Amino acid sequence: MDKFFSDPYNLSYIPRFGLLLFAISPVTYPIDWLFYTISGVVIFSFLMFIICMIIGSIRNKYNFSKILMGHPKDNIYDVMISIAGVIINYAIPDANMIYLWVFLLICSILELIFPNPKALENKKDSDI
């Protein structure tokens, strides 16, 4: 477990996993047990992220923004998750989270176009 906390970028994959499951959750609405299982895993992943972020910050003195954003190259994952959310919420008429996914897609694309200079600086430091 200490290896997991040694790199702050590892923690950024936990909420991305929860966001991916949240994006595909409208598909599971008709199957109750599957929907509740996926919803539980989404909630658990975000709670686990918060706990790991606090523990990692206390042990290793990480910056919260570095943990939350991850590597700049990981923004492509955010774009793909947002596209999946837009497609699924557009295809299912009962899903009403389309505006959230469009907003996340726009934010992800803007972050790809205009990257954070501090994130690029951290990327150069981590590539050494």
Side-chain angles (χ1 to χ4, degrees):
M1 192 70 162
D2 287 334
K3 276 185 157 184
F4 188 72
F5 290 118
S6 65
D7 187 10
Y9 297 115
N10 290 339
L11 296 176
S12 68
Y13 292 112
I14 297 172
R16 283 188 174 98
F17 175 69
L19 201 62
L20 177 65
L21 288 178
F22 184 67
I24 64 170
S25 68
V27 175
T28 63
Y29 283 157
I31 306 168
D32 285 338
W33 68 270
L34 187 59
F35 175 72
Y36 291 126
T37 303
I38 287 180
S39 299
V41 172
V42 168
I43 292 169
F44 178 74
S45 70
F46 283 111
L47 288 175
M48 190 172 130
F49 170 69
I50 292 170
I51 292 168
C52 290
M53 189 170 65
I54 292 170
I55 292 171
S57 297
I58 291 171
R59 282 189 186 172
N60 301 325
K61 306 292 185 208
Y62 291 141
N63 187 359
F64 283 119
S65 64
K66 184 187 281 191
I67 294 172
L68 187 60
M69 295 301 182
H71 285 290
K73 66 180 179 178
D74 292 339
N75 292 334
I76 195 73
Y77 298 138
D78 296 336
V79 171
M80 290 185 188
I81 291 170
S82 301
I83 289 172
V86 167
I87 291 171
I88 290 172
N89 281 281
Y90 184 74
I92 296 176
D94 293 336
N96 54 2
M97 301 290 283
I98 187 77
Y99 298 114
L100 170 73
W101 291 110
V102 169
F103 174 73
L104 290 175
L105 180 63
I106 290 170
C107 289
S108 300
I109 290 174
L110 285 176
E111 193 164 356
L112 278 176
I113 295 172
F114 305 111
N116 184 1
K118 289 184 180 179
L120 292 176
E121 183 179 296
N122 291 337
K123 180 186 176 209
K124 290 177 186 174
D125 292 341
S126 66
D127 288 342
I128 296 175

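Not measured: the values here are computed from a predicted model. For the single chain, residues carry numbers from 1 onward in sequence order.
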- Query: If Ile, Leu, Val, Met, Phe, Trp and Tyr residues are connected whenever their side-chain heavy atoms lie under 4.5 Å apart, and connections chain through other members, are Tyr29 and Leu20 in the same group?
  - Reply: no

- In Å, rounded to the nearest 0.5 Å, how long is the span from CG of Asn89 to OG of Ser82? 11.0 Å

- Give, for atom CG of Leu21 and atom CD1 of Ile81, the distance between the pair rounded to the nearest 0.5 Å. 9.0 Å

- Query: Out of curiosity, Leu110 CG to Leu105 CG, how far, rounded to the nearest 0.5 Å?
  - Reply: 9.5 Å

- Item | Cluster link Ile24 to Leu34, ILVMFWY, side chain under 4.5 Å | yes

- Item | Euclidean distance, Arg16 CZ relative to Phe49 CZ, rounded to 0.5 Å | 9.0 Å

- Note on the structure: Separation between SG (Cys107) and CG (Asn75), nearest 0.5 Å, reads 11.0 Å

- Task: Could you pull out all residues at least two apart from Phe44 that satisfy ring pair (Phe, Tyr, Trp, His ring centres under 6.0 Å)?
- Result: none

- With hydrophobic residues grouped by side-chain heavy-atom distances under 4.5 Å, do Ile87 and Ile98 end up in a single group? yes

- Do you reckon Leu112 sits in the same ILVMFWY cluster as Tyr13, going by side-chain contacts under 4.5 Å, direct or chained? yes

- Query: Is the number of heavy atoms from other residues, nucleotides or ligands under 6.0 Å of Phe46 CZ greater than 12?
  - Reply: yes

- Task: Evaluate the criterion side chain to side chain contact (heavy atoms under 4.5 Å, CB included) for residue pair Glu111 and Asp78; output intermediate values, then yes/no.
- Result: CA-CA 10 Å; Glu111 193 164 356; Asp78 296 336; 5.5 Å; no

- Single-linkage hydrophobic cluster, 4.5 Å side-chain cutoff, Leu104 and Ile109 together: yes

- Specify the closest pair of heavy atoms between Val42 and Gly18, including all atoms of both residues, with the distance to one decimal. CG2-O, 3.6 Å

- Item | Residue pair Pro30 / Val27: nearest heavy atoms and the distance that separates them | CD-O, 3.5 Å

- Residue pair Ile31 / Phe35, side-chain heavy-atom distance below 4.5 Å: no

- With Phe22, which residues qualify under ring pair (Phe, Tyr, Trp, His ring centres under 6.0 Å), at least two apart? Trp101

- How long is the gap from CG on Leu19 to OG on Ser25, to the nearest 0.5 Å? 10.0 Å

